[in-house]
2 protein chains.
Amino acid sequence: METKKQIVSSTPEPTIRRLPMYLSYLKNFLSDGREYISAPHIASDLRIDATTRTKDLAYIGISGKPKIGYSVPVLINYLEEFLGYNRNDLAFLVGAGNLGTALLKYEGFKNTGLRIVAAFDNDTRKIGGKIGGVEILPIDKLRNMIERMHIAIGIITTPEGVAQSIADMMIGWGIKAIWNFTPAIIKAPEGIFVENTSIYSNLAVIINKIQNQ
Amino acid sequence: METKKQIVSSTPEPTIRRLPMYLSYLKNFLSDGREYISAPHIASDLRIDATTRTKDLAYIGISGKPKIGYSVPVLINYLEEFLGYNRNDLAFLVGAGNLGTALLKYEGFKNTGLRIVAAFDNDTRKIGGKIGGVEILPIDKLRNMIERMHIAIGIITTPEGVAQSIADMMIGWGIKAIWNFTPAIIKAPEGIFVENTSIYSNLAVIINKIQNQ
DNA sequence: TTTTAATAAAGAATTATTTCTTTATTAAAA
DNA sequence: TTTTAATAAAGAAATAATTCTTTATTAAAA
Ligand SMILES: NC(=O)c1ccc[n+]([C@@H]2O[C@H](COP(=O)([O-])OP(=O)(O)OC[C@H]3O[C@@H](n4cnc5c(N)ncnc54)[C@H](O)[C@@H]3O)[C@@H](O)[C@H]2O)c1
Ligand SMILES: NC(=O)c1ccc[n+]([C@@H]2O[C@H](COP(=O)([O-])OP(=O)(O)OC[C@H]3O[C@@H](n4cnc5c(N)ncnc54)[C@H](O)[C@@H]3O)[C@@H](O)[C@H]2O)c1
């Protein structure tokens, strides 16, 4: 039987993961007052092959001028647009513990399009309080709130053991993407996107490098 | 001119990043009381191709039995050994703020080989105190402490702007690997390994997925 | 025993990503 | 102007990683 492969000409994931790095670098560069930057320049600073970088930027639809390079402010604009920093994506966070608190207090999200509009916990001592200006609500309000506010992104910072059940709830009530900070492997149906921020993966790479000198 | 390519037959990085996932999954599986597990079984649960998984496990030197699968306790042992969870790798953390505090309090590191033995900050209100049982020391003690304790791993959770200067210090005094949680791009000489845990990269992937439905 | 079916292992093919090479463009210098 | 050199863009090649295919192994069933 013949299967037709669907061609989804989208930006490669490695590219997407590199884009915030360019943005951080360029903002820094701009603060030095320089207006144009060239591919080889970025490449040598970032230790990425110049071609890779040129292609990354081509994906987001910006081109430079030979002999001159790219306009840094334009580049920054394009990157922010592509990364959705001009959008306003609302998210809920479940698990206002150590990590949850750090995320709720995190100033860095202000520059991105992400806004955590409420947090949920099952610890009565936390419920009713505010962290980083965000209210902590009882977990049984989650359903109503997701449905009412059409929240698309759910952040999970609960203990590993309850992560799947929280995810199931979120998905059931309409969340489209889950940002999972726990080591749990979240199972989700087709169409629901799960992104893991796994500190253990990073640690594994570090330890592996150290072991092999 | 001819250049001879050095063949470093090491475990691929994607594999290394997946290993902690297997470990988490298998520990969970073990708690159900089952002793053996097969490749297709893991594969379907983890939504990774069965071959990929078999190859991943082959890299860490474990083989299964046809018709039976792998012994879960043995698999767990091998994974923990490979990931260095039986080692005792000492680390320093610089920047005892929101994120630093979460990491210092994090119970999860206890199972891994990583031990954060001291934290450093330049905020006099924090210095002298303890977070998660770890002492907060003044930043100017960093040199002496790294040299005396032969610390190999440096964790950076300071504001982005000072990250490079902290890294330079760490490298100068003998740190071999830097775990950078800031969005800064850390420049380091050959031989010093820098691992970035970049929340922005994760966010970028999520937003990109949402934008393209 | 012999057969069967589940499974691991090895190898081949495919796909994705990066790096290298060539060509085209253009601002600045001659 | 014309030439030069820096650079982007396009295309080709190489590399890395994943997925598919075949073969070998082995415990359980017949
Ligand atoms: N602390 C870190 O630095 C860090 C780093 C990486 C990953 N993580 C992971 O993040 C998760 C949280 O870690 P932490 O250190 O913040 O733990 P924590 O115990 O401090 O926080 C967990 C929070 O979840 C709440 N909670 C528990 N069950 C709940 C439920 N059923 N519904 C709603 N809320 C519930 C708790 O009340 C608590 O506030 C863990 O899975 C951990 O592995 C933590
Ligand atoms: N908070 C989060 O959830 C989060 C998530 C991802 C990444 N980050 C990144 O982690 C870093 C820290 O974030 P945060 O929210 O914890 O910020 P924070 O301001 O709470 O913490 C920064 C800490 O660094 C200390 N510090 C500042 N300059 C220093 C110096 N020169 N030497 C030693 N210590 C110094 C400060 O005193 C403070 O304690 C930032 O770069 C941020 O982008 C934070």
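Numbered from 1 within each chain, the chains take letters A, B, ... in sequence-line order. Below, all heavy atoms of this structure are taken into account, side chains as well, without hydrogens, waters or symmetry copies.
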Readout for nucleotides 19-30 of chain D: B = base within 4.0 Å of protein heavy atom, S = sugar-phosphate only, - = neither; 5' to 3' it is BB----BBB---
The answer to which of A:Pro14 and B:Tyr70 contacts DNA chain C further toward the 5' end, by nearest nucleotide, is B:Tyr70
Atom pairs and distances, donor-acceptor, side-chain atoms in residues 59-66 of chain B, under 3.5 Å, two or more places apart:
none

Annotated structure of DNA chain D as dot-bracket, pair cut-off 3.5 Å, Watson-Crick or G-U only, | for inter-strand, is ||||||||||||||||||||||||||||||
Taken in chain and number order and not counting sequence neighbours, the residues that satisfy salt bridge (Lys or Arg N to Asp or Glu O under 4.0 Å) with A:Asp121 are none
When rounded to whole Å, the CD1 to P distance for the pair B:Ile42 and C:dT7 reads 11 Å
A:Ile62 CD1 to D:dA8 P, in whole Å, measures 11 Å
| task | Kindly say if A:Tyr36 contacts the phosphate of D:dA6, meaning a side-chain N or O under 4.0 Å from OP1 or OP2. | result | no
In whole angstroms, the gap separating C1' of D:dA17 from CZ of B:Arg17 amounts to 14 Å
With sequence neighbours left out, the residues meeting side chain to side chain contact (heavy atoms under 4.5 Å, CB included) with A:Asn111 are none
_Distance below 4.0 Å between B:Arg53 side-chain N/O and D:dA17 OP1 or OP2_ = no
From CG of B:Leu57 across to P of C:dA10 the rounded distance in Å is 13 Å
The nucleotide from D:dA8, C:dT7, D:dA9 with an atom nearest the side chain of B:Pro40 is C:dT7
Enumerate, atom names and distances included, each donor-acceptor pair closer than 3.5 Å involving a side-chain atom of residues 67-80 of chain A, sequence neighbours excluded.
{"from": "A:Ser71", "atom 1": "OG", "to": "A:Val74", "atom 2": "N", "distance (Å)": "3.4"}
{"from": "A:Glu80", "atom 1": "OE2", "to": "A:Lys27", "atom 2": "NZ", "distance (Å)": "3.1"}

- Should the ring pair A:Tyr200 and B:Tyr106 be called parallel, tilted or perpendicular, given that the plane angle runs from 0 to 90° and is split at 30 and 60? tilted
B:Asp49 side chain vs B:Thr51 backbone, donor-acceptor pair below 3.5 Å:
yes
From OH of A:Tyr59 across to C1' of D:dA10 the rounded distance in Å is 13 Å
Hits for side chain to side chain contact (heavy atoms under 4.5 Å, CB included) against B:Asn98, two or more places apart or cross-chain, chain-then-number order -> A:Ala102, A:Lys105
Taken to the nearest whole Å, CD1/A:Ile16 to C1'/C:dA16 is 14 Å
Residues passing the side chain to side chain contact (heavy atoms under 4.5 Å, CB included) test with A:Arg143, sequence neighbours excluded, are A:Glu147, A:Trp173
Just list the side-chain donor-acceptor pairs under 3.5 Å for residues 178-187 of chain A, sequence neighbours left out, or say none.
{"from": "A:Trp179", "atom 1": "NE1", "to": "A:Thr197", "atom 2": "OG1", "distance (Å)": "2.6"}
{"from": "A:Asn180", "atom 1": "OD1", "to": "A:Thr182", "atom 2": "N", "distance (Å)": "3.0"}
{"from": "A:Asn180", "atom 1": "OD1", "to": "A:Thr182", "atom 2": "OG1", "distance (Å)": "2.8"}
{"from": "A:Asn180", "atom 1": "ND2", "to": "A:Thr182", "atom 2": "O", "distance (Å)": "3.2"}
{"from": "A:Asn180", "atom 1": "ND2", "to": "A:Ala184", "atom 2": "O", "distance (Å)": "2.9"}
{"from": "A:Asn180", "atom 1": "ND2", "to": "A:Asn196", "atom 2": "OD1", "distance (Å)": "2.8"}
{"from": "A:Thr182", "atom 1": "OG1", "to": "A:Ala184", "atom 2": "N", "distance (Å)": "3.1"}

